Amino acid sequence: MAPTAANAEATFTLEGEDHTLGNALRYVLNANPSVTLCGYSAPHPMERRVNVRVQTHGREGATARGAMRDALLDVISVCDHVHESYEKAERAVGGKT
Amino acid sequence: MERQTGGDSHVSVTRLEDQSITFSLKGVDVSLANALRRVMIADVPTLAIDLVEVVENSSVLCDEFLAHRLGLIPLSSKKVSELFKPYEYMGEDDSATDVHLELNVRCLTEQAMDVTSEDMVSYDERVKPITFQGTVSDAAKPGGILIVKLRNKQQLLLKCIARKGTGKDHAKWSPVATAVFKHDPVVHVNQELLKTLSGSDKRAIVESDPSQMFKYDADLDTISLTSTGSCTFDGEIVKKVNEMGKHGLIDIRPCFDSFTFHVESTGVLDAEEIVLQAVHILQTKLDTVGGELDMIESENF
């Protein structure tokens with residue numbers, strides 16, 4: 001990862017990742033009101049890399065890295081919740097048919 | 001700030017078998033549902049034959065043809081968590097990455113013989129080719145996967161090495177035969193408008209739906225929703241209603257935060273395990289990015 005601009009905006013390059021992570025992060029970042037622009041692209045289908053562009057309004061100490069961190073934690077917590085409710089649902093079904 | 005923490009997300013399992021699972025996932029965005037699907041296909045590690053040493057091959061198929069076929073045979077992958085991918089392991093111990101299998105057959109009969117995955121000998125108890133179990137209703141016979149047929153005196157001696165990998169390396173490592181999700185439908189029936197229709201019209205509407213989501217109750221002279229699971233968003237029923245001039249009688253549209261997943265395993269791992277691992281792998285990916293972010297920050301401040 002290499003943020004290329006000052007605090008309020010950055011481009012993150014995620015090496016070894018693809019649309020799986022790029023699109024999920026893009027969605028969560030766009031849901032953050034201090035993010036003014038967020039988009040991602042996979043520059044070439046054979047290179048395993050995505051670029052995630054994040055621009056924030058920069059007010060109230062909003063930074064692109066902060067937004068990215070929030071996004072990551074958000075998706076992790078969604079996953080946690082899905083994990084929990086999946087196991088609960090599995091137990092509710094009570095074994096295989 | 002509108003934060004999606006998944007607090008309102010919900011999972012319920014509709015059907016659970018060894019090799020398939022159907023579950024519904026509610027309260028998350030498509031991007032997350034799709035991430036989960038993609039991880040199941042391309043990032044859940046399994047075992048597959050990756051290297052074949054051909055000692056003897058007098059069959060009709062050439063060496064690389066056989067090697068390719070062997071690669072595609074599903075191997076039970078419970079052991080996969082104890083192994084390393086070859087390009088991630090720097091040590092000297094081959095047993096940390098490799099599982100050996102052997103195929104040694106010779107046709108001694110006048111009749112041609114089938115060589116199947118059941119003829120393979122594994123040096124590890126827990127790594128075995130998956131054989132089709134068959135069910136009562138299946139027309140296909142249970143048995144191994146056909147690799148090649150041998151004529152009299154033809155022989156095969158192949159030494160195979162199975163390794164850990166993921167679907168993004170090669171599709172042979174993908175643990176799933178099917179991993180799909182679809183939007184659940186939101187069905188709205190305008191009851192007022194429905195009352196203006198005759199019984200035969202109502203029946204015609206029910207019959208116009210190829211996914212058979214509705215049923216007509218003759219006693220109450222009404223139509224009711226039976227199940228939404230079969231919905232394909234084909235638009236046929238809406239077309240029928242519009243033809244009758246009853247615009248807006250029935251409205252079916254996809255719900256954007258409610259999905260039905262259907263996952264079928266190739267047999268290498270249990271379906272429930274694949275989903276569970278996919279969630280875990282997705283989190284690990286995010287954690288890795290988070291860790292990198294920490295490193296950048298510590299360098300700059």
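When reading the values below, keep in mind they use all heavy atoms of this one structure, side chains included, and skip hydrogens, waters and symmetry mates. Every chain is numbered from 1 and lettered A, B, ... according to where its sequence line falls, protein lines coming before strand lines. Nothing here was measured: the structure is a model prediction, and the numbers come from that model.
Taken to the nearest 0.5 Å, the CZ atom of B:R38 stands 6.0 Å off from the NE2 atom of A:H19. Taking NE2 of A:H83 as the reference point, atom CG of B:L282 lies at 12.5 Å (rounded to 0.5 Å). Rounding to the nearest 0.5 Å gives a distance of 12.5 Å between NZ of B:K285 and CG of A:L72. With rounding to the nearest 0.5 angstrom, the CG atom of B:D43 is 6.0 Å from the OG1 atom of A:T20. We find the CD-SG distance between B:Q283 and A:C79 to be 5.0 Å, quoted to the nearest 0.5 Å. Between the OG atom of A:S77 and the CG atom of B:L286 there is a distance of 10.0 Å, given to the nearest 0.5 Å.
Between B:K168 and A:D18, none of the side-chain N atoms (NZ, or NE/NH1/NH2) sits under 4.0 Å from a carboxylate O, so this pair counts as no salt bridge.
Counting non-hydrogen atoms of neighbouring residues, nucleotides and ligands closer than 6.0 angstrom, the CZ atom of B:F181 exceeds 12 such neighbours. Residue-environment remark: CD (B:Q212) stays at or below the threshold of 12 foreign heavy atoms within 6.0 Å.
Proximity to chain B (any heavy atom under 4.5 Å) is restricted, for A:E87, to the side chain, taken from C-beta onward. For A:L21, the part lying near chain B is the side chain, with the backbone staying farther off; criterion is any non-hydrogen pair under 4.5 Å. Proximity to chain B is limited to the side chain of A:R48, based on heavy atoms less than 4.5 angstrom apart.
Each of B:V275, B:N34, B:L25 has some count of heavy-atom pairs under 4.5 Å with chain A, and the biggest count is that of B:V275. Considering only heavy-atom pairs separated by less than 4.5 Å from chain B, the leading option among A:A24, A:A92, A:A71, A:G22 is A:A24.
With sequence neighbours left out, the salt bridge (Lys or Arg N to Asp or Glu O under 4.0 Å) criterion links A:D80 to no other residue.
Contact check for B:V279 versus A:Y86: no side-chain heavy atoms found under the 4.5 Å cut-off.
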Assess the residue pair A:V93 and B:F23 against the criterion (side chain to side chain contact (heavy atoms under 4.5 Å, CB included)); give the C-alpha distance rounded to whole Å, side-chain angles, the decisive distance to 0.1 Å, and a yes or no. CA-CA 10 Å; A:V93 163; B:F23 65 97; over 6 Å; no
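Within residues 44-52 of chain B, no residue has a heavy atom under 4.5 Å from a heavy atom of chain A.
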